[in-house]
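Each remark here refers to the structure printed beneath this line.
The structure presented is a predicted model; accordingly, all values stated were derived computationally and were not measured.
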Amino acid sequence: MGVIVESGFGGRLEERALKSMFEDRKSVFVDLLNWDLPVLDGRFEVDEFDDEHATYVIVADDKGDHLGSARLLPTARRHILGSLFSELCAGSPPQGPGISEITRFCLSRRQTSHSRRQTRNRLITALVSHALERGIRTFTGVAEVSWLQQILAFGWNCRPLGLPLRFDCGLIGALAIEVGPETPVLLARNGIWDAVVEPPVQIQKAA
C-alpha cells in the first residue's frame, strides 16, 4: 500500500490509480449516496473541478488500485465552497494562497470496515504530510453532518465555519482545518496518525 499524488487531470483515464478512483467515486457518491453528479461512460464520476488545477492524494494497493483518495482544489480560483456553498459560512469563505479545499474524500467500498479505517487514517496522514511539505496552512471543506462530526473529533485544530444547512444531498456544513507542525501529534493522540505511511510518489501530470 502506498500514496500517490497526482497534479492535474487532463481528461484521459489511462493511469490505473486515477481510473479506479473515479470508478469508486461513482460507486460512493452516485450509487450509494445518490448525489446528482455527472457520470462519464456510465462508470466514472468526473465533474467540472476535475481539471489541471486539481491535486489528487491517493492511497493505492500494491497493484496500484484505488483504496482511498481526496481531491485538493486551490481556493485562489473557483472552488466548491466559495462557488456553490458560500452560504454555509458565517463570514466570507476562507480563500487565497496557503488554503486548499478538500473535496471528494472517498474510501473504496471493496474494503472491510477495518481496512477502511486504516485507509482513512493513511489518507488523512498523507493529506497533512502533503500540506506541511507544500506550505498549505489551512484545509477547508464541505461535509454531510455525520461525517463533519467525525472530522471535528479527530483531534486536530478544526472548526465549523457556520451553521449546517439542508440541501438536496443532505444536511451539509463547512469547516476549516488549521495545519501546522503540531498536527501529527494531535492526530496521533486520537489514533488517526499513521506513522508508517511512506513519502508519496509525486506525479506532476496525470494521464
Side-chain angles (χ1 to χ4, degrees), residues 1 3-61 63-75 77-88 93 100-124 126-127 139-151 164-175 206-207:
M1 183 184 295
V3 176
I4 301 169
V5 175
E6 298 264 9
S7 297
F9 176 60
R12 298 175 63 192
L13 290 166
E14 296 175 356
E15 176 66 39
R16 182 166 185 156
L18 272 182
K19 182 178 180 179
S20 58
M21 178 193 73
F22 286 121
E23 287 179 324
D24 280 339
R25 277 177 32 175
K26 191 260 186 185
S27 175
V28 170
F29 298 114
V30 178
D31 298 340
L32 179 64
L33 298 178
N34 294 313
W35 289 9
D36 184 16
L37 299 171
V39 176
L40 180 65
D41 294 337
R43 296 174 58 192
F44 310 107
E45 188 273 299
V46 180
D47 73 5
E48 62 183 297
F49 296 97
D50 292 305
D51 59 19
E52 69 273 17
H53 302 285
T55 296
Y56 304 92
V57 179
I58 304 170
V59 177
D61 64 17
K63 296 180 180 179
D65 286 323
H66 170 268
L67 296 175
S69 61
R71 179 181 64 188
L72 299 179
L73 300 178
T75 60
R77 65 186 308 278
R78 190 171 184 272
H79 60 288
I80 289 176
L81 176 57
S83 302
L84 304 179
F85 294 101
S86 61
E87 61 266 47
L88 292 174
S100 288
E101 181 181 47
I102 298 177
T103 66
R104 293 299 194 272
F105 193 101
C106 177
L107 301 177
S108 173
R109 298 170 65 189
R110 297 185 303 276
Q111 302 170 89
T112 65
S113 58
H114 173 75
S115 296
R116 282 170 59 85
R117 180 178 292 270
Q118 183 182 52
T119 298
R120 181 203 68 184
N121 292 349
R122 291 192 172 189
L123 180 54
I124 292 172
L127 285 166
F139 284 133
T140 60
V142 174
E144 190 272 331
V145 165
S146 62
W147 175 227
L148 179 67
Q149 291 171 338
Q150 292 183 54
I151 297 170
L165 297 174
R166 185 163 296 280
F167 293 85
D168 291 341
C169 52
L171 189 60
I172 306 297
L175 60 113

Minimum-distance pair of heavy atoms, taken over all atoms of [X] and [Y]:
| X | Y | value |
| --- | --- | --- |
| Ser83 | Arg78 | OG-CG, 2.8 Å |
| Asp51 | Arg77 | OD2-NH1, 3.6 Å |
| Ala60 | Ile4 | CB-CD1, 4.1 Å |
| Leu88 | Ile172 | CD2-O, 3.3 Å |
| Pro74 | His79 | O-CB, 4.0 Å |
| Gly173 | Leu148 | CA-CD2, 4.0 Å |

Side chains of [X] and [Y]: closer than 4.5 Å at any heavy-atom pair?
| X | Y | result |
| --- | --- | --- |
| Cys106 | His66 | yes |
| Leu165 | Leu171 | no |
| Leu107 | Leu67 | no |
| Leu72 | Ile102 | yes |
| Phe167 | Glu87 | yes |
| Ile58 | Val5 | no |
| Leu175 | Phe139 | no |
| Ser69 | Tyr56 | no |

Q. Aromatic ring centroids of Phe49 and Phe9 under 6.0 Å?
A. no
Q: Look at Glu45 together with Lys26 and state whether they make a salt bridge at an N to O cut-off of under 4.0 Å.
A: no
Q. Could Arg110 and Asp61 be called an ion pair, given the rule that one side-chain N must be under 4.0 Å from one carboxylate O?
A.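 Not counted as a salt bridge, because no side-chain N and carboxylate O are separated by less than 4.0 Å.
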Q. Are a donor atom and an acceptor atom from the side chains of Thr103 and Glu101 found within less than 3.5 Å of each other?
A. no
**Q.** Distance-only side-chain donor-acceptor flag, Thr55 / Glu6, under 3.5 Å
**A.** no
When rounded to the nearest 0.5 angstrom, what is the spacing between [atom1] in [X] and [atom2] in [Y]?
| X | Y | atom1 | atom2 | value |
| --- | --- | --- | --- | --- |
| His53 | Ser7 | NE2 | OG | 12.5 Å |
| Leu84 | Glu48 | CG | CD | 6.5 Å |
| His114 | Gln118 | NE2 | CD | 5.5 Å |
| Asp47 | Ile80 | CG | CD1 | 6.0 Å |
| Leu73 | Asp50 | CG | CG | 8.0 Å |
| Arg16 | Asp65 | CZ | CG | 4.0 Å |

Q. Are the side chain of Arg25 and the backbone of Arg104 linked by a donor-acceptor contact shorter than 3.5 Å?
A.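 Answer holds: no.
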Q. So, does Thr112 use its side chain to make a donor-acceptor pair with the main chain of Ser115 at under 3.5 Å?
A. yes
Q | Residue Arg109 excluded, over 12 heavy atoms near CZ under 6.0 Å | A | yes
Q.
Applying salt bridge (Lys or Arg N to Asp or Glu O under 4.0 Å) to Lys19 and Asp24, what does each step give before you reach the verdict?
A. CA-CA 9 Å; Lys19 182 178 180 179; Asp24 280 339; over 6 Å; no
Q) Parallel, tilted or perpendicular: which describes the rings of Phe105 and Trp147, with under 30° parallel and over 60° perpendicular? A)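 It falls in the tilted class, 30° to 60°.
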